[in-house]
Number of protein chains: 2
Amino acid sequence: MKTQDRIIHAALALFNQHGEPNITTNHIAADLGISPGNLYYHFRNKEAIIHSIFDQYAQDLALAFDPSQPQEDTQALLQHYLDATFSLMWRYRFFYANLPDILRRDEALQHKYLDAQQQLQTNLMTILQHYSHAGWLNLSESGLAAVGETLKQVASSWIFYQSAQAPQTHIHAGVIYKGVLQMLALLHPLTSSQGQTAIASLMDHYQQQLVRQDIRALDTLN
Amino acid sequence: MKTQDRIIHAALALFNQHGEPNITTNHIAADLGISPGNLYYHFRNKEAIIHSIFDQYAQDLALAFDPSQPQEDTQALLQHYLDATFSLMWRYRFFYANLPDILRRDEALQHKYLDAQQQLQTNLMTILQHYSHAGWLNLSESGLAAVGETLKQVASSWIFYQSAQAPQTHIHAGVIYKGVLQMLALLHPLTSSQGQTAIASLMDHYQQQLVRQDIRALDTLN
DNA sequence: GTCTATATTTAGATAGAC
DNA sequence: GTCTATCTAAATATAGAC
């Protein structure tokens, strides 16, 4: 791997584990066994590293919604959406745990972030409209928009919320399934009887993922 | 005012305006026109200042739900709850914009925060149960708990969410009314016809507050 | 591309005089 | 209680040799 990519990789891992404000350029260099001078040869400063990590995130996000993918049914579409957004948020969680301060320092990044959010929201609304047209949701057009807005907030602040609720050590990948379940629980009382079956089956699916994840987490402790 | 209180006051204002990570003990001392040495006479370090500010927040929160207050009707109770929690979150917004990192640094504070959250959640669930018993909500017992959990997340991540959405300069007190409206919009489709009237009247109320606030914000610009 | 060495700056904190 | 003076430690960043 190129040194530039190794820096991005190491920085992401350290940021996720210790929180971005607690990791300096020296920490990153030391972790890789390279000199600080070398690191500064590849990146102008720490902000540039964060910016590059975000670019990679945005690229991963675009790939996850590759328009060349085959048409799927509504149900699979929602599951794909939830899987992709939450697993990516988890992989880049340092960012979502610290959004206000990171974005304040880099105006260009703020705009890129809002663009990405807008794309995610558009995709979500498309899926909600599928559900609505299939008669699975009992909501007016404006009700749909309101739910979409709430879902967007729940998703994009989930990592933040969990980080504040639990001491850092207790956070593991299982929290992403909890986040998905939280969103589905929000939709559940708004569905018609057919829709309820669809949402309930998704909730079952993620409940199982959560249990498996918890078992894996226990294994890690041993 | 005692110097100790003046430090807390100035620190809160600076933290809210510039973000806690961007304000040093030197900034606080300079803002007050006192020496750094003097500041350190009153507080062991910056963390102690933040901790004191939180203690004041917790005290304000307890006061806002003074048990000696007269019994109110369900509707007034919810309005009181929303007014108090959101206006206090606004007054101490630096904290809510940066929760994960602030709490990670101070384990004792993490516990105090969780206690406060627990108290807020208990109060919220009591109110939801009032609504439910009055036949205003079409929800099972478990549905009620799920909605309560979502409302808790929406409320406690509202400041964070807004700070990430908007460039810092565009954030003003009006966002707290938007947050209240967001919570009410979440409840709205879950209500019975009587409940709908009650929630709709609250939404009207906060919509008006929001408009007034926006007008005041415009005034400030002129 | 990478290292060593080092400069610059700032945050956090303390000692001791008043 | 408050100030002046100052120290330590750390973070950011660069210069120049290899």
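In what follows, every chain begins at residue 1, and chains take the letters A, B, ... in the order their sequences are listed.
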Straight-line distance of B:Q162 CD to A:Q153 CD, nearest 0.5 Å
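It comes to 7.5 Å.
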
Test of understanding: with side-chain hydrogen bond (donor to acceptor under 3.5 Å, both in side chains), list the residues that count as partners of A:Q121, not counting sequence neighbours.
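Once residues adjacent in sequence are excluded, A:Q121 has no partner under the side-chain hydrogen bond (donor to acceptor under 3.5 Å, both in side chains) criterion.
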
Please enumerate all residues that pass side-chain hydrogen bond (donor to acceptor under 3.5 Å, both in side chains) together with A:S52, with sequence neighbours excluded.
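None.
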
For DNA chain C, determine which residues of residues 29-36 of chain A have any heavy atom closer than 4.0 angstrom to one of its atoms, and list them numerically.
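A:G33, A:I34, A:S35 - these, ordered by number, are the residues of the stretch whose heavy atoms sit under 4.0 Å from the strand.
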
Among residues 12-26 of chain B, which contact DNA chain C at a heavy-atom distance under 4.0 Å?
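The stretch gives B:T24, B:T25 as the residues lying under 4.0 Å from the strand, ordered by number.
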
Provide, to the nearest angstrom, the distance between the [atom1] atom belonging to [X] and the [atom2] atom belonging to [N].
{"X": "B:L39", "N": "C:dG12", "atom1": "CG", "atom2": "P", "answer": "10 Å"}
{"X": "B:I49", "N": "C:dA13", "atom1": "CD1", "atom2": "C1'", "answer": "12 Å"}
{"X": "A:Y41", "N": "C:dT4", "atom1": "OH", "atom2": "C1'", "answer": "17 Å"}
{"X": "B:H27", "N": "C:dG12", "atom1": "NE2", "atom2": "C1'", "answer": "13 Å"}

Could you tell me which residues satisfy ring pair (Phe, Tyr, Trp, His ring centres under 6.0 Å) with [X], sequence neighbours excluded, listed by chain and number?
{"X": "A:F15", "value": "A:F94"}
{"X": "B:Y113", "value": "none"}
{"X": "B:Y131", "value": "B:W136"}
{"X": "A:F95", "value": "A:F54"}

B:Y177 vs B:F86, test: ring pair (Phe, Tyr, Trp, His ring centres under 6.0 Å). Steps then yes/no.
CA-CA 8 Å; B:Y177 297 115; B:F86 272 83; 9.2 Å; no

Quick one: which residue pairs count as a salt bridge (Lys or Arg N to Asp or Glu O under 4.0 Å) with a foot in residues 39-50 of chain A, not counting sequence neighbours?
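Salt bridge (Lys or Arg N to Asp or Glu O under 4.0 Å) check on residues 39-50 of chain A returns A:E20-A:K46.
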
Applying salt bridge (Lys or Arg N to Asp or Glu O under 4.0 Å), which residue pairs with at least one partner in residues 112-122 of chain B are found, sequence neighbours left out?
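Every pair satisfying salt bridge (Lys or Arg N to Asp or Glu O under 4.0 Å) with a residue in residues 112-122 of chain B: B:D55-B:K112.
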
Other residues, nucleotides, ligands: >12 heavy atoms within 6.0 Å of B:H18 NE2
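Yes.
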
Neighbour count above 12 (heavy atom, 6.0 Å) for B:Q17 CD
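Incorrect, the count does not exceed 12.
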
Kindly assign one of parallel, tilted or perpendicular to the pair A:Y81 and A:F65, based on the angle between their ring planes and the thresholds 30° and 60°.
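Tilted: the ring planes of A:Y81 and A:F65 meet at 30° to 60°.
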
Where chain A begins and ends its contact with DNA chain D, read 5' to 3' at 4.0 Å from heavy atoms
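Footprint of chain A along DNA chain D, 5' to 3': D:dA11 to D:dT14.
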
Mind listing the residues from residues 98-105 of chain B sitting with a heavy atom below 4.0 Å of DNA chain D? Number order is fine.
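Within residues 98-105 of chain B, no residue comes under 4.0 Å of DNA chain D.
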
